[in-house]
There are 2 protein chains.
Amino acid sequence: MRQDGREQDGDDCAGGGRDGDCTLREALDRVGGKWAIGILLAASPGPVRFSELTRQVEGISRRMLTLTLRNLERDGLLHRLVHPGVPPRVEYRATPMALELYEPLRALTAWADRHRTAISEARAAYDRQNGRG
Amino acid sequence: MRQDGREQDGDDCAGGGRDGDCTLREALDRVGGKWAIGILLAASPGPVRFSELTRQVEGISRRMLTLTLRNLERDGLLHRLVHPGVPPRVEYRATPMALELYEPLRALTAWADRHRTAISEARAAYDRQNGRG
DNA sequence: CAGCATCCCATCCGATACTG
DNA sequence: CAGTATCGGATGGGATGCTG
């Protein structure tokens, strides 16, 4: 039931034919979830604590924050550092590998930015053509 | 119930705080699904027919192919051209906007490629530390 | 050939209550 | 503070049968 989001390393990842498609899937699986990006961006400037993340990543539940953090940690995108004591204090820090994600993601953002209105209009046109209910 | 994958244009898209996060979400929502990339890559070199796609995008079902094609068409990433006659003949062609996606996706692929083994090892280490069952 | 309709399961994700 | 445990709804996606 994979509630922990853990997958086998021996992924099938055959789904495309063209080379690099599989590699792309790997990247998207890491970053495509609802919260991963928000967390990584929040952790990029410097280490953040759990409670900071619940505030900075708006709308996230403690459950999804925990699950996503664990996955990012597992993939080596975040380091988790526990400062012993009471109250507990845990810091998450983006790894260099995670910081390198910034560039590719900026490229994607730029694309979305360039075409935002075109996409919006395409949708409107499509929905007008067909029914939207 | 959204079986057609249609979402409102007025997305909440608040989930991050940092600017550009929302824009990034929009892009990922378009391209993050299991099949969108494979289809777009297959359609990039030139127009493809439905049946070609069922072969080139390995593992896809007719259902998911249809759904994903409709979504890509709705977002203006594919043009659908029906040649009347019997048997039916439908061509899908990537739009210029879709072709521009190639660059950002290549950046992501390059990232995944650079760090593939690092990620794999991070996972193995994590799973060794904690239990993998 | 190019779909659509239906059924069903797996996973994602949110809400909530509890804990060291 | 930083989680874990449990439940339940929403969504993604596969299998299959039917149709113009």
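All values below come from the heavy atoms of this structure, side chains included, with hydrogens, waters and symmetry mates left out. Here is the naming used below: chain letters follow the sequence lines, and residue numbers restart at 1 for every chain.
Residue Arg70(A) contributes atom CZ, which lies 17 Å from atom P of dC12(C) at whole-angstrom precision. Atoms CD (Glu58(B)) and P (dG14(D)) sit 14 Å apart, rounded to a whole Å. Atom pair Leu65(B):CG and dG12(D):P shows a separation of 17 Å (rounding to whole Å applied). Distance Ile39(B) CD1 to dA2(C) P: 14 Å, rounded to the nearest Å. To the nearest angstrom, C1' of dC12(C) lies 13 Å from CG of Asp29(A). When the P atom of dC1(C) is taken as reference, atom CZ of Arg63(B) falls 22 Å away, rounded to whole Å. Here dC7(D) presents its P atom at 16 Å from CG of Leu67(A), a figure rounded to the nearest Å. Between the CE atom of Met64(B) and the C1' atom of dA15(D) there is a distance of 13 Å, rounded to whole Å.
When the side-chain nitrogen and oxygen atoms of Arg49(A) are compared with OP1 and OP2 of dA2(D), one or more of them lie within a distance under 4.0 Å. For the OP1/OP2 pair of dG3(C) and a distance below 4.0 Å, the side-chain nitrogens and oxygens of Thr66(B) include no atom meeting the criterion. When the side-chain nitrogen and oxygen atoms of Lys34(A) are compared with OP1 and OP2 of dT11(D), none of them lie within a distance under 4.0 Å.
Using a 4.0 Å cutoff on non-hydrogen atoms, the parts of residues 76-88 of chain A near DNA chain D are Arg80(A), Pro87(A), Pro88(A), ordered by number.
Taking OG1 from Thr54(B) and CZ from Arg62(B), the interatomic distance works out to 8.5 Å, rounded to the nearest 0.5 Å.
Salt bridge absent: Arg49(B) and Glu52(B) never bring a charged side-chain N and a carboxylate O closer than 4.0 Å. The existence of a salt bridge linking Arg25(B) and Asp21(B) is excluded, since no basic side-chain nitrogen approaches an acidic carboxylate oxygen closer than 4.0 Å.
Comparing Val90(B) and Gly33(A), the nucleotide of DNA chain C nearest to each residue sits closer to the 5' end for Val90(B).
Side-chain contact check for Val82(A) versus Pro88(A): every heavy-atom pair is 4.5 Å or farther apart. Side chains of Val48(B) and Glu91(B) form no contact here, defined as non-hydrogen atoms less than 4.5 Å apart. The shortest side-chain heavy-atom distance between Val31(B) and Leu77(B) does not fall under the 4.5 Å cut-off.
If you check dG3(C), dC13(C), dG3(D) against the side chain of Phe50(B), the one that comes closest is dG3(C).
Of the candidates Ile60(A), Leu69(A), Thr68(A), Leu69(A) is the only one forming a side chain to side chain contact (heavy atoms under 4.5 Å, CB included) with Leu53(A).
Over its length, the helix from dC1(C)-dG20(D) to dG20(C)-dC1(D) turns its helix axis by 40°, as judged from the five terminal pairs at each end, rounded to 10°.
Within the nucleic acid shown, Arg62(B) comes within 4.0 Å of at least one base atom, counting heavy atoms only.
Contacts classified as ring-ring contact (aromatic ring centres under 6.0 Å, His included) and involving residues 79-112 of chain A (residues at least two apart or in different chains) are given here: Trp111(A)-His115(A).
With hydrogens and angles left out, the side-chain atoms of Arg116(A) and Thr23(B) include a donor and acceptor closer than 3.5 Å.
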